[in-house]
> 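Before I ask anything, here is the structure I am working with.
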Amino acid sequence: MAVVGRLPVIFINQLLLSLLLCLHFTTLIQGAGKWEDKYPFIREASTFSSSDGTNNESNGNNNKKGGYDYIIVGGGTAGCPLANTLSQKFRVLLVERGGVPFANANVSFMQNFHISLADTSSTSASQYFVSTDGVFNSRARILGGGTCINAGFYTRAGPSYIQKVGWDSKLVNESYPWIERQIVHRPNLAPWQEAVRESLLEIGISPFNGFTYDHIYGTKVGGTIFDRFGRRHTAAELLATANPKNLDVLVHATVQKIDFDTSGKKPRAVGVIFKDENGKQHKAVLSKRKGSEIIVSCGAIGSPHILMLSGIGPKAELEKLNIPVVLDNKFVGQGMSDNPLNTIFVPTNRPVEQSLIQTVGITKVGVYVEASSGFGQSGDSITCNHGVASAEIGQLSTIPPKQRTLEAIEAFRRSKKNIPHEAFRGGFILEKIASPLSRGNISLVNTNPDDNPSITFNYFSHPRDLKRCVDGIRIVEKIAKSKHFTNYTQCDKETLDKLLNMSIQANVNLIPKHTHNTESLEQFCKDTVITIWHYHGGCHVGKVIAPDHRVLGVNRLRVIDGSTFKESPGTNPQATVMMMGRYMGVKILRERLGSAAGL
């Protein structure tokens, strides 16, 4: 009776939410042309002229020099706040290979979160790739970067992380709120997330730290870049407060390489060569003024990739593809890491509200526990995609990594039509390894910047990572069997057995049968590993860049993004990557202008 009594409330809530979303979406579509008014500096790459950026007054003086003061390659999670900050005082060009996120329903609405990830077309906001480990993955290809395709969770790095990387804690604590005031929201906690929260506390992941952005042991509710209507607010919106007189943003501008002057003692970055949406090549030139720089902000895969294509990397690898060597550095593309994710599906006997990550358990065994729910459960979604751990976004995690092929996904799509849609009612409990010790690398396949390089993460190659995964699965089992969670799912044994049988057909992971057997769980971890897209590394401090993010051995070139991280910050990195864009922008202005920076 309890289930029957709750159904009308759920349906009414879903109906009201659908009406609100419909109204909101209609407004979005009607105002689709208005984003140009708010961001007049964003334009297609084909409109670029070689005279752009020249003969402009910078920093309020009459020192007119040719070219831009800063050229930022990559308009992503770090690139957008960085461009905003630098534009307050200097002439900035931001080049982005993707399009704009505004009025893109697949990007803008939480209910469509999985569709962008499932879209493998050349115009998709995400570019899919398969690591050599066999795990399907995605990288952003849109202004705003990963903030346009992720699960939206916002949480800061802990104080120990800030101290370890050597950042100025005062400026860090000024930079996070700069982001939060503009695009971060407090979530309306979904029932699934409430059940996970109470279950985490029940099994001892305590204390409850309430709603907070801070990284603290225990259970908490974090921030989100989705507002109460389920609309996403991305790093691209941080450009709204840029100085429009000092900023040019080019979309569909794919950088082919960074151009260097090699006539001096050290190579010196002088410009970037990029291709527009029509395939025409252009060159943007850096100003000759002292302090002008090119800043690479293409992400953990894109930044080492573009450095190598530009001639900075392992000499033998560059020469193999006839790339002129600008600087031999064997560390470019090395030290790559991805936080392994394993998930358990928990079925319910009724529909569940859609939710992405809101609650997190920060354990003392090196594991983070998160959750999602409600994707792909409607009858008409049998022909659609099923969310964060589905076949359609390339996970198919019931099949070991090396066997996850496009053919296997197609076979699942065909067979799915015969699976009752009730099989997809429920949600996932996720466990992610914090600070994995397993390391991989990036290497070139060809010289086409549109293609992915070869990417290896070597998941679970370090035994400590595997032990943590085993610990994490056992924690997830406790949550799923906790009093609070079983009360929420409200399944008697007969119903549960029926749902479990359907879930097996639906190719989702259930709790392993032999969780007491460590060896069995280790194999489960290896066979079901997927990604939560928190890969990092490839341009480490001390190996590729200096602590001030300048590329070692080269003048007028920096890298500012997640490729510089040795560990992924916090439970989810987007907050810290955006913060770093703002932080480094302020640091650069203060370094160049002193007190005149005014920041």
> Using only heavy-atom distances, determine whether the side chains of Thr518 and Arg474 contain a donor-acceptor pair under 3.5 Å.
yes
> Name all residues meeting the side chain to side chain contact (heavy atoms under 4.5 Å, CB included) criterion together with Leu327; count only those two or more places apart in sequence or in a different chain, and write none if there are none.
Ile312, Val554
> Scan side-chain atoms only and decide if Thr456 and Asn441 contain a donor-acceptor pair under the 3.5 Å cut-off.
no
> For the pair Thr359 (side chain) and Gln193 (backbone), establish whether a donor and an acceptor sit closer than 3.5 Å, ignoring hydrogens and angles.
yes
> If I take atom CG from residue Leu557 and atom NE2 from residue His549, how far apart are they, to the nearest 0.5 angstrom?
13.0 Å
> Tell me if a side-chain donor or acceptor on Asp465 pairs with a main-chain N or O of Tyr459 at a distance below 3.5 Å.
no
> Check whether any side-chain N or O of Asn452 sits under 3.5 Å from a backbone N or O of Tyr128 as a donor-acceptor pair, and report yes or no.
yes
> Check each of Val369, Thr343, Leu200 against Ile429 using the side chain to side chain contact (heavy atoms under 4.5 Å, CB included) test, and report the only one that passes.
Val369
> Taking all atoms of both residues into account, what is the closest heavy-atom pair of Phe460 and Pro340, and its distance?
CZ-CB, 3.7 Å
> If you take all heavy atoms of Gly223 and Val184, which pair is closest and at what distance?
CA-CG1, 4.4 Å
> Could you work out, with side-chain hydrogen bond (donor to acceptor under 3.5 Å, both in side chains) as the rule, every residue matching Asp259, not counting sequence neighbours?
Lys283
> Give the C-alpha distance, both sets of side-chain angles, the deciding distance and a yes or no for side-chain contact (heavy atoms from CB on, under 4.5 Å) between Glu319 and Val325.
CA-CA 7 Å; Glu319 289 180 337; Val325 179; 3.9 Å; yes
> Who passes side-chain hydrogen bond (donor to acceptor under 3.5 Å, both in side chains) against Asn446, sequence neighbours left out?
Asp451
> Using a 3.5 Å distance criterion without hydrogens, assess whether the side chain of Ser438 forms a donor-acceptor pair with backbone atoms of Ser461.
yes
> For residues 150-166, which residue pairs qualify under side chain to side chain donor-acceptor pair (under 3.5 Å), counting only residues two or more places apart or in two chains?
Asn150-Arg232, Asn150-Gln574, Tyr154-Glu180, Thr155-Lys220, Arg156-Glu180, Lys164-Glu567
> Take Ile142 and Val100, measure what side-chain contact (heavy atoms from CB on, under 4.5 Å) needs, and give me the verdict at the end.
CA-CA 6 Å; Ile142 190 168; Val100 296; over 6 Å; no
> For Gly98, does its backbone N or O pair with a side-chain atom of Glu96 as donor and acceptor, under 3.5 Å?
yes
> Taking all non-hydrogen atoms of both residues into account, name the closest pair between Ile306 and Cys298 and its distance.
CG2-SG, 4.4 Å
> Just to verify, what does Asp548 make a side-chain hydrogen bond (donor to acceptor under 3.5 Å, both in side chains) with, not counting sequence neighbours?
Arg550
> Is the distance between the ring centroids of Trp192 and Phe428 under 6.0 Å?
no
> Are Val367 and Ile205 close enough that some pair of their side-chain heavy atoms sits under 4.5 Å apart?
no
> Rounded to the nearest 0.5 Å, how far apart are CD1 of Ile149 and OG1 of Thr234?
11.5 Å
> Is it the case that the side chain of Thr147 and the backbone of Ala235 share a donor-acceptor pair, with hydrogens and angles ignored and the cut-off at 3.5 Å?
yes
> Applying ring-ring contact (aromatic ring centres under 6.0 Å, His included), name anything that partners His534, two or more places apart in sequence or on another chain.
none
> For the residue pair Thr531 and Leu341, establish whether any side-chain heavy-atom pair is separated by less than 4.5 Å.
no
> Quick one: pull up NZ in Lys543 and CG in Asn329 and give me the separation to the nearest 0.5 Å.
10.0 Å
> Which residues satisfy the side chain to side chain contact (heavy atoms under 4.5 Å, CB included) test with Pro187, sequence neighbours excluded?
Phe211, Val221, Thr224, Gln358
> Describe, in one word, how the ring planes of Phe113 and Trp533 are oriented to each other, choosing from parallel (under 30°), tilted (30 to 60°) and perpendicular (over 60°).
perpendicular
> Specify the closest pair of heavy atoms between Leu238 and Ile179, including all atoms of both residues, with the distance to one decimal.
CD1-CD1, 3.7 Å
> Side chain to side chain donor-acceptor pair (under 3.5 Å): which pairs involve residues 301-310, sequence neighbours left out?
Ser303-Asp561
> Between the side chains of Asn137 and Tyr535, is a donor N or O closer than 3.5 angstrom to an acceptor N or O?
no
> Check whether any side-chain N or O of Asp214 sits under 3.5 Å from a backbone N or O of Ile216 as a donor-acceptor pair, and report yes or no.
no
> Looking only at atom types and distance, does a side-chain atom of Glu370 sit under 3.5 Å from a main-chain N or O of Tyr368, one as donor and one as acceptor?
no
> Just by distance, do the side chain of Ser297 and the backbone of Ile560 share a donor-acceptor pair under 3.5 Å?
yes
> Could you report the tightest heavy-atom contact between His536 and Gly562, atom names first, then the distance?
CB-O, 3.5 Å
> Sequence neighbours excluded, which residues qualify as side chain to side chain contact (heavy atoms under 4.5 Å, CB included) partners of Leu552?
Ala546
> Show me the pairs that pass side chain to side chain donor-acceptor pair (under 3.5 Å) and involve residues 576-585, at least two apart or across chains.
Thr85-Arg582, Tyr176-Thr576
> His215 and Ile362: side-chain contact (heavy atoms from CB on, under 4.5 Å), yes or no, with the steps?
CA-CA 8 Å; His215 186 80; Ile362 300 173; 3.7 Å; yes
> Roughly how far, to the nearest 0.5 Å, is the CG atom of Leu143 from the SG atom of Cys80?
4.5 Å
> Please round to the nearest 0.5 Å and tell me the distance separating atom CG of Leu444 and atom CD1 of Ile323.
5.0 Å
> As a test of understanding, state which of Arg97, Lys275, Gln127 forms a side chain to side chain donor-acceptor pair (under 3.5 Å) with Asp450.
Lys275
> Got Thr447 and Lys257 here, is their nearest side-chain heavy-atom distance under 4.5 Å?
no
> If the threshold is 4.0 Å, N to carboxylate O, is there a salt bridge linking Glu522 and Lys526?
no
> Under the side-chain hydrogen bond (donor to acceptor under 3.5 Å, both in side chains) rule, collect the residues that match up with Ser373, sequence neighbours excluded.
Ser355
> Which pair of non-hydrogen atoms, one from Pro453 and one from Val445, has the smallest distance, and what is that distance?
C-CG2, 3.9 Å
> Is there a donor-acceptor pair under 3.5 Å between the side chain of Lys402 and the backbone N or O of Thr132?
yes
> Quick one, Val544 with Leu307, criterion side-chain contact (heavy atoms from CB on, under 4.5 Å). Give me CA distance, side-chain angles, the key distance, then yes/no.
CA-CA 10 Å; Val544 178; Leu307 288 184; 4.1 Å; yes
> For the CD1 atom of Ile301 and the CD1 atom of Ile442, what is their distance to the nearest 0.5 Å?
5.5 Å
> Enumerate the residue pairs fulfilling disulfide (SG to SG under 2.5 Å) with a member in residues 121-162, sequence neighbours excluded, ordered by first and then second residue.
none
> Any chance the side chains of Arg439 and Ser337 put a donor and an acceptor closer than 3.5 Å?
yes
